[in-house]
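Read the structure below first, then the notes.
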Amino acid sequence: MSGAGLAGNEELLAEQGAQQGSARQLLRRFRAHRLAFASTIVLLVLLVVCFGADWIAPFPQGKQDLLLGPTPPSLEHLLGTDELGRDFLSEILYAGRISLAIGLFVALLSTFVGTALGAVAGYVGGTPGELLMRITDLFLIVPAIALLAVIVQGLGPSPVTIVFALTALGWTYIARVVRAQVLSLREKDFIEAARGIGASNLRIIVSHLLPNLAGVLAVGMSLAVASAIIAESTLSFLGFGVQSPQTSWGSMLSQAAGYVGTPQVYLLYFPGLFILVTVLAVNFIGDGLRDALDPQGKHL
Amino acid sequence: MFTFIIRRVLYSIPVILVASFVLFWAVRSTFDPLAKLRQAHDPSVIQREIERLGLDRSIVEQYFLWLKAFVTGDWGTSSRTGSPVFQLIGEALWPTAQLAFWGLLVAVVIAGAVSVYSAVRRYSLGDNLLTGASYLGIAMPAFWFGLILIQTFAVWPKEQFGLAEPPLYFVGLHSPGESGFNLDYLRHLVLPVAALMIALVATWSRFGRAAMLDALSSDYVRTARAKGVPRRQIIWRHAVRNSLAPFVTVVALDAAVLIGGLVVTEQIFAIPGMGRLFLDSLVAGDVFVLLPWMIVVAIAVVICNLLADIGYALLDPRVRLR
Amino acid sequence: MSAEVLLEVEHLSIAFPTETGLARTVEDVSFVLHAGETLGIVGESGSGKSMTAMAIMGILPKSAIVTGSIRLRGRELLGLSDDELREVRGRRIAIVFQDALAALNPVMTVGDQLVEAVRVHRPDLSAAEHRARAVELLALVGIPSPEQRMARYPHEFSGGMRQRVMIGMSIANEPELLIADEATTALDVTVQAQILDVLREVQARTGTTVMLITHDLGVVAGSADRVLVMYSGGVVESAPVEPIFYDTAHPYTAGLLASLPRLDRRSRDERLFQIPGQPPLPTAWPAGCRFAPRCRHAIAGRCDVAVPAAVEVGAGHTAACVRIGEWQEEAR
């Protein structure tokens, strides 16, 4: 290789580094998305009050007051009490731990699995890559909720099996988008240049492709959190969710289904509102991240 | 066009075969088809069953044994009810098909209307409200929405105004003794259809809006403007017509999501369809129903994907040559 | 050439509000178009030439801030309602865009699109008459077996054939003014020449006035009667076609000419001339002459003070430069 060619390649690499933009710039663009910024605060507050429920919740988990029984929201019990006199706000905060944990774990795991498989499939290309995509196609043929129910029922319902089942289905989306990104990126000049100066395949994947995938992954992860929380609640409603004595927002909601048509119908609204607010916040954060990482809106 | 359709149909067959094998393998390795027999029957009965299903042979042999029976219409009997599976599924399909039909119809009409309105009146108050509504629709569990609908449009008005009957029903598709297409049927349909379509309308209208905006900012719309074509014709003859192909594709590809929604909706509204059959069979560990159920659903989804392909080719002349 | 004035553009300015400030794409552009002539508008991309065309057509995006005056036979076009403009668009003024593949509707047959162009302005005619006119138009622009081609889709045509369709569509209602906006740019050189021929034939047959927008001085040389050179949203030189080439009055025009490949001048190791630098961003124009930062004849204190006014340097020949005469001396 000639000296001039090498210099040209390094110029291209430098240019690529500059394109990624500074972290401060990303932060500024994210903050410009006001909904996303507010959503981040909402989500942080939710995480703190749920995981800090031992200290923050007004009543301990499962503390019954049978004499009190069900009461509508009052100053003492902000969201009222259920038929056993348990403070509903405290119950929701404790239940939130499992809902949020399931959402976060599923997002992390499926992003990890999906990125690894998708990046390899895209980079290797050819038959193995095609094969992987055909496998992800198969997942789209049977409704996800049915597969989830079968897996959870087959393995026995628990938060761990629910996370496993949601990950088993959730990785395909990220794998698809990652593969598509890698396929388009590998044709780009700076990858060619890196190959030209003798970088190894692994090094190319890790140092050049993954940073470029940041936008796709950020959005994919927020989608994964959102869909995992909703899927968990739906599984609970169908009877394949978190089992008593453990509770999640979904299991509280499916319990509350029995209150439709009774004076305690307020118990139906609150857990659902927590799910709604959490998922909305996560979705807005995803939107904000996408706008910040991909201002031209070309790739997503 | 004809050969195009034939080719796509032929391509779908291996997809269904592979999917059915994977499902067969997954269900066989998680559920014991003999679970119920083991409790009550003597070893000789179990032995006969093992031989009948080929459980002592390899998974591939078991699959082909099962496939042969499945294709010839011998779907076995339910271990839960004892009735033939073919008959069970056949009976369950009809209510589900009705619900799917109405849900799809209403969802496509509403999502389409919202898409066109939101794109044409971009950033107007109406567009912003609809965008907000779609965010809510995507962010809430559909069953929760369904329960709130029941409380708001059936239970509450009945109590509040002391009615003998709720204005909208929330159990089944017909009142006892009623049948056919009548007011009673419609009063049963409104709530399940609304619960079924909420998430679909939210996602499809987002997508449709984006497709319409794409079309409206395209060069051919600029050409139409330069030709002096009236605005209404630009929207309908050019922009909508061009957005149709991607929109139809997204709708058809969401068939599996629609069926998933049916499972939930049938559970909320106690409609004796495929969804209820699936849940009841799953709880009872009735693999003899679960497997054919999933194959039937998979075939339905593959047919929808096929229709998506054909629809795209019909709507976009550029595809036909391929 | 008839002296009848067809189109007057006066002090036309177009700007877009953006996050980083007002983007000025056209600033104080004035020119006159006489009936029957061919006016070439030359400039690099971003010089505002296409924006000017879109303003004349009334198809700028809604966010555009447009001031000045555009008069067609004395009638003001700016400020007309959409309905009033529709009577002008496609009937009195028509345009041919650059990328015919994108500019034609991909899901409508070529015939339907031609019929539409006829129908919107002649609703009084029957469907059969619309169709007959469409076929006639295809034949007019030199498309073989037009009857059969009516049912074809744009992607089934070659690039040159598509551009012919575009031209056919634009002349459907025999417009008084035909704007060709980079109509030949995306095409092969031989096809380019054919399309220019088609345009010339159309003009000879219908006597329409043509506005030929291009970045290629070569295209202008063979086709235009007069030339307008635009740079960074303003007109820097305006003249009949010959003085532009042989009596250049603006350094930018000179730079454009020098960057044309010429057989007689080019020796083996001589590189093609390039104007150094980039045009200024529309949000950050320099004070004074906008070409000054790239101009090798620019002098501090004179060129960066005020935007130079157009100075008459010959018959119908103006240039916006404060150093006319001086820079030619330096260049020699």
Side-chain angles (χ1 to χ4, degrees), chain A residues 35 134-135 137-156 168 223 226-227 229-240 249-250 253-254 256-263 265-266 268-269 271-273 275-284 287 297, chain B residues 15-16 18-20 22-23 26-27 29-31 132 135-136 138-152 154-156 158-159 166 170 199 253-264 267-268 274-275 278-279 282-283 285 290 293-295 297-302 305:
Chain A
L35 262 177
R134 294 286 82 78
I135 292 175
D137 280 349
L138 288 182
F139 281 87
L140 299 175
I141 288 185
V142 179
I145 195 70
L147 284 182
L148 287 171
V150 168
I151 297 174
V152 173
Q153 180 72 1
L155 301 178
L223 278 176
S227 62
I229 290 176
I230 291 194
E232 184 275 324
S233 74
T234 307
L235 274 179
S236 288
F237 175 70
L238 297 179
F240 308 99
W249 289 336
L253 210 49
S254 59
Y259 293 111
V260 171
T262 72
V265 72
Y266 56 88
L268 172 68
Y269 298 127
L273 278 177
I275 293 179
L276 182 68
V277 168
T278 309
V279 174
L280 266 183
V282 171
N283 283 341
F284 284 140
D287 283 1
Chain B
V15 172
I16 290 176
V18 173
S20 68
V22 173
L23 289 170
V27 169
S29 48
T30 32
F31 290 92
Y135 269 104
L136 291 179
I138 291 168
M140 66 179 146
F143 73 90
W144 184 56
F145 181 70
L147 293 170
I148 292 178
L149 286 181
I150 292 177
Q151 172 69 27
T152 315
V155 175
W156 181 80
K158 182 173 181 244
E159 282 174 5
F170 53 94
L253 289 181
D254 266 348
V257 179
L258 177 76
I259 296 174
L262 284 166
V263 173
V264 177
Q267 176 73 0
I268 306 173
M274 289 289 279
F278 168 76
L279 293 172
L282 182 56
V283 171
L290 282 183
W293 187 92
M294 286 202 261
I295 306 298
V297 167
I299 290 172
V301 173
V302 169
N305 293 353

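In the text below, chain A, chain B and the rest are named by the order of the sequence lines, each starting its count at 1. From a predicted model like this one, the values you see are computed outputs, not experimental measurements.
Counting heavy-atom pairs closer than 4.5 Å to chain B, the top-ranked of the candidates A/Ala144, A/Ala149, A/Ala226, A/Gly239 is A/Ala149. The candidate from A/Ile151, A/Leu253, A/Leu147, A/Ile229 with the greatest count of non-hydrogen atom pairs under 4.5 Å with chain B is A/Leu253. Taking chain B as the reference chain and counting heavy-atom pairs below 4.5 Å, the highest number among A/Ile145, A/Val282, A/Leu280 is found for A/Leu280. By number of non-hydrogen pairs under 4.5 angstrom with chain A, the leading residue of B/Ile268, B/Leu262, B/Ile295, B/Ile16 is B/Ile268. Contact tally against chain A (heavy-atom pairs below 4.5 Å) for B/Leu282, B/Leu279, B/Leu290: the top residue is B/Leu282. Heavy-atom pairs under 4.5 Å with chain B were tallied for A/Leu273, A/Val277, A/Asp137, A/Thr278; the largest tally goes to A/Leu273.
Tested against A/Pro143, the residues B/Val257, B/Val263, B/Val297 include a single side chain to side chain contact (heavy atoms under 4.5 Å, CB included) partner, B/Val297.
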Exercise for the section: Please step through side-chain contact (heavy atoms from CB on, under 4.5 Å) for the pair A/Arg134 and B/Val18, ending with a clear verdict. Expected result: CA-CA 10 Å; A/Arg134 294 286 82 78; B/Val18 173; over 6 Å; no
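Of the atoms belonging to A/Val265, it is side-chain heavy atoms, and not backbone ones, that fall under 4.5 Å from chain B. Heavy atoms closer than 4.5 Å to chain B are found in the side chain of A/Phe240, but not in its backbone. Of the two parts of B/Phe278, only the side chain, counted from C-beta on, holds a non-hydrogen atom closer than 4.5 Å to a non-hydrogen atom of chain A. Of the two parts of B/Ile299, neither the backbone nor the side chain holds a non-hydrogen atom closer than 4.5 Å to a non-hydrogen atom of chain A. Using a 4.5 Å cut-off between heavy atoms, B/Val264 contacts chain A through both its backbone and its side chain. Neither the backbone nor the side chain of B/Leu258 comes within less than 4.5 Å of any heavy atom in chain A. Heavy atoms of B/Leu136 lying under 4.5 Å from chain A belong to its backbone as well as its side chain.
Within the 4.5 Å cutoff, side-chain heavy atoms of B/Pro141 are placed close to those of A/Ile275. The side-chain heavy atoms of A/Leu238 and B/Phe143, taken from C-beta on, include no pair separated by under 4.5 Å. Residues B/Val27 and B/Met294 meet the side-chain proximity criterion, which asks for heavy atoms closer than 4.5 Å. The shortest distance between side-chain heavy atoms of A/Ile230 and A/Val279 falls below 4.5 Å.
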Would you mind writing out the side-chain donor-acceptor pairs for residues 144-151 of chain B within the sub-3.5 Å range, not counting sequence neighbours?
| unit_1 | atom_1 | unit_2 | atom_2 | d |
| --- | --- | --- | --- | --- |
| B/Trp144 | NE1 | A/Leu268 | O | 2.8 |
| B/Gln151 | OE1 | A/Gly261 | N | 3.0 |

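In this structure a side-chain-to-backbone donor-acceptor pair under 3.5 Å is present from B/Trp293 to B/Met274.
Proximity of the aromatic rings of A/Phe284 and B/Tyr135 is defined here by a centroid distance below 6.0 angstrom, and this criterion is met.
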